[in-house]
Engineer: 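Mind having a look at this structure? Questions to follow.
Only heavy atoms go into these numbers, but all of them, side chains included; no hydrogens, no water, no symmetry mates. Just so it is clear, the structure is predicted and the values come from calculations on it, not from any experiment. Within every chain, numbering begins at 1; the chains are lettered A, B, ... in the order of the sequence lines, protein sequences first and strands thereafter.
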There are 4 protein chains.
Amino acid sequence: MSKAKLGRPRSEKSKEAILSATHALLSETMGTGLTIEAIARRAKGGKPTIYRWWPGVADIVLEVVLSQANASITVSTSDSLQETLGQFLRESMNAIVNWGGVHLRFLVAHAQKDEAFRDRFRDNFTAKRRAVLKSIFAQAMERGEIGSEQNVEILVDMVFGAMWYRLLIGHAPANETFADDLTEAIIRLVQNPPV
Amino acid sequence: MSKAKLGRPRSEKSKEAILSATHALLSETMGTGLTIEAIARRAKGGKPTIYRWWPGVADIVLEVVLSQANASITVSTSDSLQETLGQFLRESMNAIVNWGGVHLRFLVAHAQKDEAFRDRFRDNFTAKRRAVLKSIFAQAMERGEIGSEQNVEILVDMVFGAMWYRLLIGHAPANETFADDLTEAIIRLVQNPPV
Amino acid sequence: MSKAKLGRPRSEKSKEAILSATHALLSETMGTGLTIEAIARRAKGGKPTIYRWWPGVADIVLEVVLSQANASITVSTSDSLQETLGQFLRESMNAIVNWGGVHLRFLVAHAQKDEAFRDRFRDNFTAKRRAVLKSIFAQAMERGEIGSEQNVEILVDMVFGAMWYRLLIGHAPANETFADDLTEAIIRLVQNPPV
Amino acid sequence: MSKAKLGRPRSEKSKEAILSATHALLSETMGTGLTIEAIARRAKGGKPTIYRWWPGVADIVLEVVLSQANASITVSTSDSLQETLGQFLRESMNAIVNWGGVHLRFLVAHAQKDEAFRDRFRDNFTAKRRAVLKSIFAQAMERGEIGSEQNVEILVDMVFGAMWYRLLIGHAPANETFADDLTEAIIRLVQNPPV
DNA sequence: AACTAAACGAGACGGTACGTCCAGTCTTTAA
DNA sequence: TTAAAGACTGGACGTACCGTCTCGTTTAGTT
């Protein structure tokens, strides 16, 4: 019943200054130059204030991304698979093109050198996006648009995999056209019974 | 027009010491701890010797990977798509599982913070792997196993994308079972005419 | 015209906890590790409580020292200079050896980087000790044991100087033997008329 | 006969820049503000360069002091004790007044929080000064100006002690007048046989 | 008994400095 | 004449404290 809030409360102003400084630096320098020191300088705060709340740069970026991305997962639940999937992928691509590409690239890059962060990144970001896509496929399966024998895990890997692949390697653009091509390919795949 | 080789020749011993130190450090520390300084220490050489021959750590890793990977692209040209693709993907997965996972993860990670390296990485590694997979699809197309209306680029993105995605995010293993599931899904996809 | 004391009065418990935490930390860590934060932690108090009552660490140490040292200045007024001086110096040395050496070293050290504290230290500690020693010499002068032409200031400087010097530099112990040697030397000095 | 000097040699320019930056900062800020960071900034060098050659700030100050002080120990060997001692003390006081007071205060202060440095300080500075003073007394003893029964250690403690005491506590100036008073007192002391 | 005002603990804040690691570059000797 | 290698400048790391601040919580003395 007690569980009182002791001590000086966390400064919301600082928190937002840090998050927006991170966003700004990431956009401006494309990932290079995103250091704790630079964030502290830009946010006019101290380094310890940052370390008190986040374990490192990547987790700040993750929070920035989540605060944007979670809002944007909007699935229109009642249409055909073609339309639902198409809209979901186009929205994802737009998010990448418009503001999030550098952020996501930074996150995967960092995840490769920090296993603990990779777990946090997977649990809080990719796992949730996978869940959404899986529910889209599950609904289509209920409606009979997909045969129940299909391997949904592999489908999800192919869809998100292709997107990340383009984003990370950069051999071709990750834009709306690509979203449409991908949608078409998946539709064709699921309309076919297993071999 | 002699163009003689003047001065002290490059030490092959140093070169190999550097390459194998890089490989060893990468395997031992999982990417953390692979720095120019550490390589120089381990190879018992000086940093300038490294900088004279490579622009940075990632390029040493790339050279290590290429010297292994180029040898392993073996495509059996005469079988069915199912078998050719299956074999290619299984071999790729094995390479990752057995020795190359950390290397590849390091390379993509570094490519995100260094555009120039991303180009080198793409030109020397992923582009060549893509070409092989595209030629596999092209041969299948000639044999009529794939309709000519199929978007081969998207197919390649889906195959390699799924593999990289599993490797980088780590939500599920990138092994032979996955190679087989992926092969099956692709086969089913290409057997269906476009919508 | 009352000027009443409003509000919660100062907590004696806190005050003592802080003083004894300071004493303990000083003894344990030999000066290193005596920080405001450490004192607050050890005394289970808040930093502002400390800053409300003392300007800094050194002043807490000074208070600790004064509460011990002022009590211990006991001068037997009726003996010969030899005995009075000898007893005074032996007592001083014992205080240093038994509990106060680290404290005094901490105080002088801090006084070198803080002029304002140096004044407080001088006024509250060294000046009072000097006064005692001067009164010892004055009494001896009245009894005729010292000629009135002697420079008492220099005598005091030489006595206390030698003690501080040994304590601070540490080339030889500051103990009872030293107190006796010092006493003897001073006695010999004052028995001689100026040149 | 090999033992060759490999690699880039130590930069004399850097060394001197660091030493003179230290001297300047010490004089300007009176001890406060003499930090490794400040020295590096002022000397336009990197912190690692400093740490490569010195364990900490105090050792830089010690080197500055030694480079000045060692030159200034000039003892005129053939005069009377009165003159030799008087000259030695006046010179010492002048050194303190003119440029070295803050340096010496900084050194003793630091020696109180760092036992290892206290040893270095004693071995390289105070021990050498003590040796000089002891040799002055030894010569006087040979000439019969001092009786062989005198305790030279105590004499040295009293002389240097009084000087350090005035310098550190600041209750009275450490200048030439003081040097003369001190000389006179010592002369009087040694002219008296032990009790 | 309720009110008031100051001291209390807890802890976050903007900062400075720490000592270390690594990146790249420079400058010398060795081959 | 180039390779090799140690010392260089310098940026960032993550941590420890500083002294200040903002809270909610005692705790005596006053109404």
Engineer: How many Å lie between NZ on C/Lys47 and C1' on F/dC17, as a whole number?
Structural biologist: 7 Å
Engineer: Any side-chain N or O of B/Ser11 below 4.0 angstrom from OP1/OP2 of F/dA4?
Structural biologist: yes
Engineer: Where each residue is assigned the nucleotide of DNA chain E containing its nearest heavy atom, which of B/Gly33 and C/Ala43 is assigned the position nearer the 5′ end?
Structural biologist: C/Ala43
Engineer: Just compare E/dG9, E/dT20, E/dA23 and give me whichever is closest to any side-chain atom of B/Glu37.
Structural biologist: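 Nearest nucleotide to the side chain: E/dA23.
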Engineer: What is the distance, to the nearest angstrom, from the CD1 atom on D/Ile50 to the C1' atom on E/dC21?
Structural biologist: 17 Å
Engineer: Answer yes or no: does a side-chain N or O of C/Arg10 lie under 4.0 Å from OP1 or OP2 of E/dA6?
Structural biologist: no
Engineer: When you measure from the side chain of C/Glu63 to the backbone of C/Asp59, do you find a donor-acceptor pair of N or O atoms at a distance under 3.5 Å?
Structural biologist: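 Judged by distance alone, no pair lies under 3.5 Å.
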Engineer: For the pair A/Gln112 (side chain) and A/Val108 (backbone), establish whether a donor and an acceptor sit closer than 3.5 Å, ignoring hydrogens and angles.
Structural biologist: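 Checked: pair present.
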Engineer: Sequence neighbours left out, cut at 3.5 Å: what donor-acceptor pairs do the side chains of residues 40-50 of chain A make with other protein atoms?
Structural biologist:
{"residue": "A/Arg42", "atom": "NH2", "partner": "A/Glu28", "partner atom": "OE1", "Å": "2.6"}
{"residue": "A/Arg42", "atom": "NH2", "partner": "A/Glu28", "partner atom": "OE2", "Å": "3.0"}
{"residue": "A/Lys47", "atom": "NZ", "partner": "A/Glu37", "partner atom": "OE2", "Å": "2.8"}

Engineer: So what does B/Gly45 hit on the nucleic acid, given a heavy-atom distance under 4.0 Å: a base, only sugar-phosphate, or nothing?
Structural biologist: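 The answer is sugar-phosphate, as B/Gly45 gets under 4.0 Å only of primed atoms, P, OP1 or OP2.
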Engineer: Does any non-hydrogen side-chain atom of A/Ile169 lie less than 4.5 Å from one of B/Phe121?
Structural biologist: yes
Engineer: When the distance from CG of A/Asp59 to P of F/dG14 is rounded to whole Å, what number comes out?
Structural biologist: 11 Å
Engineer: Does A/Thr35 put a side-chain nitrogen or oxygen below 4.0 Å from OP1 or OP2 of F/dG11?
Structural biologist: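 Checking F/dG11 against A/Thr35, no side-chain N or O comes under 4.0 Å of OP1 or OP2.
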Engineer: To the nearest Å, how far apart are C/Lys15 NZ and E/dC8 C1'?
Structural biologist: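 Those two atoms, NZ and C1', are 16 Å apart.
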Engineer: To the nearest Å, give me how far apart CD1 (D/Ile36) and P (F/dA16) are.
Structural biologist: 20 Å
Engineer: Measure NZ/D/Lys13 against C1'/F/dT9 and give the value in whole Å, please.
Structural biologist: 11 Å
Engineer: Tell me which nucleotide among E/dA7, F/dA7, E/dC26 gets nearest to the side chain of D/Arg52.
Structural biologist: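 Ranking E/dA7, F/dA7, E/dC26 by closest atom to the D/Arg52 side chain puts F/dA7 first.
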Engineer: Examine E/dG14: is either OP1 or OP2 under 4.0 Å from a nitrogen or oxygen in the side chain of A/Thr49? Give yes or no.
Structural biologist: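 Yes.
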Engineer: Mind calculating the distance between OH (C/Tyr51) and C1' (F/dT22) to the nearest angstrom?
Structural biologist: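 From C/Tyr51 OH to F/dT22 C1': 17 Å.
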Engineer: In whole Å, I'd like the distance from the NZ atom of B/Lys113 to the C1' atom of F/dA12.
Structural biologist: 13 Å
Engineer: Whether C/Arg105 engages the ring of C/Trp99 as a cation-pi pair (distance to the six-membered ring centre under 6.0 angstrom, angle to the ring normal within 45°) should be assessed.
Structural biologist: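 Output no; distance or angle outside limits.
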Engineer: Let me know, please, whether C/Leu34 or A/Leu34 comes out on the 5' side of the other along DNA chain F by nearest nucleotide.
Structural biologist: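 Result: A/Leu34.
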Engineer: Any salt bridge between A/Arg122 and A/Asp119, counting N to O under 4.0 Å?
Structural biologist: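 Salt bridge flag = yes for A/Asp119 with A/Arg122.
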Engineer: Under 4.0 Å between a side-chain N or O of C/Arg8 and OP1 or OP2 of F/dG29?
Structural biologist: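 So the side-chain polar atoms of C/Arg8 never come under 4.0 Å of the phosphate oxygens OP1 or OP2 of F/dG29.
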Engineer: Between A/Ser14 and E/dG14, is there a side-chain N or O to OP1/OP2 distance below 4.0 Å?
Structural biologist: yes
Engineer: Hey, is the side chain of A/Trp53 poking within less than 4.0 Å of OP1 or OP2 on E/dA12, counting only N and O atoms?
Structural biologist: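 No, outside the criterion.
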Engineer: Among the candidates F/dC17, F/dA5, E/dT20, find the nucleotide nearest to the side-chain atoms of B/Pro48.
Structural biologist: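 For the B/Pro48 side chain, the nearest candidate turns out to be F/dA5.
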